[in-house]
Number of protein chains: 2
Amino acid sequence: MKLTARKIGAVLKSRGYRLTPQRNAILSAVTASHDHLTPTAIHEKVRREHKNIGLVTVYRTIELLAELGLICEVHSGGNCHSYLLRRPDQHHHHLICSGCGTVADFTSCDLSDMEQKVSRQTGFDINSHLLEFMGLCRSCQKDDRPEGSVSGAK
Amino acid sequence: MKLTARKIGAVLKSRGYRLTPQRNAILSAVTASHDHLTPTAIHEKVRREHKNIGLVTVYRTIELLAELGLICEVHSGGNCHSYLLRRPDQHHHHLICSGCGTVADFTSCDLSDMEQKVSRQTGFDINSHLLEFMGLCRSCQKDDRPEGSVSGAK
DNA sequence: CTGTAAATGAAAACGTTTTTCAACTGCGAG
DNA sequence: CTCGCAGTTGAAAAACGTTTTCATTTACAG
Ligand SMILES: [Mn+2]
Ligand SMILES: [Mn+2]
Ligand SMILES: [Zn+2]
Ligand SMILES: [Zn+2]
């Protein structure tokens with residue numbers, strides 16, 4: 001069942017959030033678009049009708065919608081990376097410990113079956129993928145931290 | 001065969017790049033660390049010995065090393081995202097067209113086998129993953145653009 | 001040693017995201 | 001319907017992270 005601006009509005013209210021004109025405008029912009037939009041792009045779109053809306057509001061609304069799982073986030077390849085020495089020669093992927101930041105490598109990645117399937121389903125000609133696992137490394141599982149005590153990189 | 005600062009230095013030279021003290025310092029910092037480091041983190045590390053090195057140089061060197069595949073890039077969850085309306089209710093992933101930016105959904109994702117395997121191999125307790133496919137959508141395959149003419153979002 | 005193209009650092013420009021705070025308003029209680 | 005207030009907003013500034021510019025320095029081939 002497809003999400004509409006109206007439905008999302010209802011979800012917001014049911015969760016105790018207010019349904020403001022600004023939020024409605026943002027909902028319309030997002031539901032109307034078949035693209036993925038950056039916060040700025042959303043702002044520009046919304047602005048056409050709602051000239052005075054602040055970019056801050058866009059950020060706040062996006063955050064809210066993402067939290068509630070009403071919008072999806074795409075990693076648009078921008079600049080939010082950290083780096084580490086390459087260890088395996090081969091194509092591989094990473095596991096990142098959300099406790100301490102440790103990164104482990106994973107080489108036996110076989111997405112080709114999935115890629116084929118997806119390719120057939122969608123008609124896309126796939127040429128690369130981004131795959132990362134998140135979790136707790138062995139030692140962080142033991143530590144069993146108090147909560148919210150991530151120390152790792154960044 | 002593990003990459004060392006020395007070996008990477010050799011690669012650089014063999015590719016016609018100069019081996020400067022700054023680059024060496026960065027290589028040492030990166031090879032010494034078992035963590036993934038942000039550009040700023042690398043800068044801070046390197047600075048201890050090489051007080052005058054500029055953050056610009058760190059950025060330039062990282063770019064170089066990444067291009068040559070000597071370091072790996074981890075998507076550290078920062079802020080480089082675009083957003084779109086959630087379409088499938090279920091857990092799913094995205095295919096992004098590098099031609100026009102179109103995003104397609106892919107629901108039949110089954111990484112659980114891989115997750116189990118990786119989990120066994122590394123001892124990680126995996127609780128989430130990031131998976132995205134990149135490629136050309138059907139219509140962009142036809143268009144066969146001149147080159148570098150991405151128009152999509154962002 | 002020298003000449004030259006490559007590399008560097010300081011500073012400024014940039015684009016994005018967050019913080020702050022005073023003003024405003026959606027909406028439920030009365 | 002009105003009132004009151006917690007929730008929401010916008011302007012502005014601060015905080016970031018990254019890139020550009022440009023004059024100066026330097027690695028290294030010849
Ligand atoms: Mn999604
Ligand atoms: Mn890697
Ligand atoms: Zn850990
Ligand atoms: Zn396309």
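Naming convention: chains lettered A, B, ... in sequence-line order (proteins, then strands); numbering from 1 in each chain. Quick caveat, the model's predicted, so the values are computed rather than measured.
OP1 or OP2 of dA10(C) sits under 4.0 Å from a side-chain N or O of Asn52(B). Regarding contacts with the backbone of dG9(C), a side-chain N or O of Gln22(B) is found under 4.0 angstrom from either OP1 or OP2. Residue Lys13(B) places no side-chain N or O under 4.0 Å from the OP1 or OP2 atom of dA27(D).
The NE2-P distance, from His43(A) to dA11(D), rounds to 8 Å in whole Å. Following rounding to the nearest Å, Ile26(B) (CD1) and dA7(C) (P) show an atom-to-atom distance of 12 Å. One interatomic measurement links the two molecules: CG of Leu55(B) to C1' of dC16(D), which rounds to 11 Å at whole-angstrom precision. One can place CG of Asn24(A) at 14 Å from C1' of dT25(C), the figure rounded to the nearest angstrom. Following rounding to the nearest Å, Leu64(B) (CG) and dA6(C) (C1') show an atom-to-atom distance of 12 Å. Rounded to whole Å, atom P of dG7(D) lies 16 Å from atom CZ of Arg15(A). Look at CG on Leu27(B): it is 13 Å from P on dA7(C), rounded to the nearest Å. For His81(A) and dT18(D), the NE2 to C1' distance is 13 Å, given to the nearest whole Å.
For the side chain to side chain contact (heavy atoms under 4.5 Å, CB included) criterion with Ile26(A), the lone passing option out of Ile53(A), Ile62(A), Thr31(A) is Ile53(A).
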N/O-N/O pairs, protein side and nucleotides 20-26 of chain D side, under 3.5 Å:
residue	atom	partner	partner atom	Å
dT26(D)	O2	Arg18(B)	NH1	3.4

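Side-chain N/O atoms of Ser33(B) and Asp35(B) include no donor and acceptor closer than 3.5 Å. No hydrogens or angles considered: nothing links the side chains of His50(A) and His43(A) as a donor-acceptor pair under 3.5 Å. In summary, the side chains of Glu132(A) and His93(A) do not present any donor paired with an acceptor at a separation below 3.5 Å, with no hydrogens or angles considered.
Within 6.0 Å of NZ on Lys117(A) lie no more than 12 heavy atoms contributed by other residues, nucleotides or ligands.
Positionally, the nearest nucleotide of DNA chain D for Pro39(B) lies more toward the 5' end than for the other of Pro39(B) and Leu19(B).
Summarising the geometry, atom CG belonging to Leu19(A) is positioned 11.0 Å from atom CD1 belonging to Ile8(A); distances are rounded to the nearest 0.5 Å.
Leu95(B) forms part of a hydrophobic cluster together with Leu95(A), Phe106(A), Leu111(A), Met114(A), Val118(A), Phe124(A), Ile126(A), Leu131(A), Phe133(A), Phe106(B), Leu111(B), Met114(B), Val118(B), Phe124(B), Ile126(B), Leu131(B), Phe133(B), judged by ILVMFWY side-chain heavy-atom separations under 4.5 Å.
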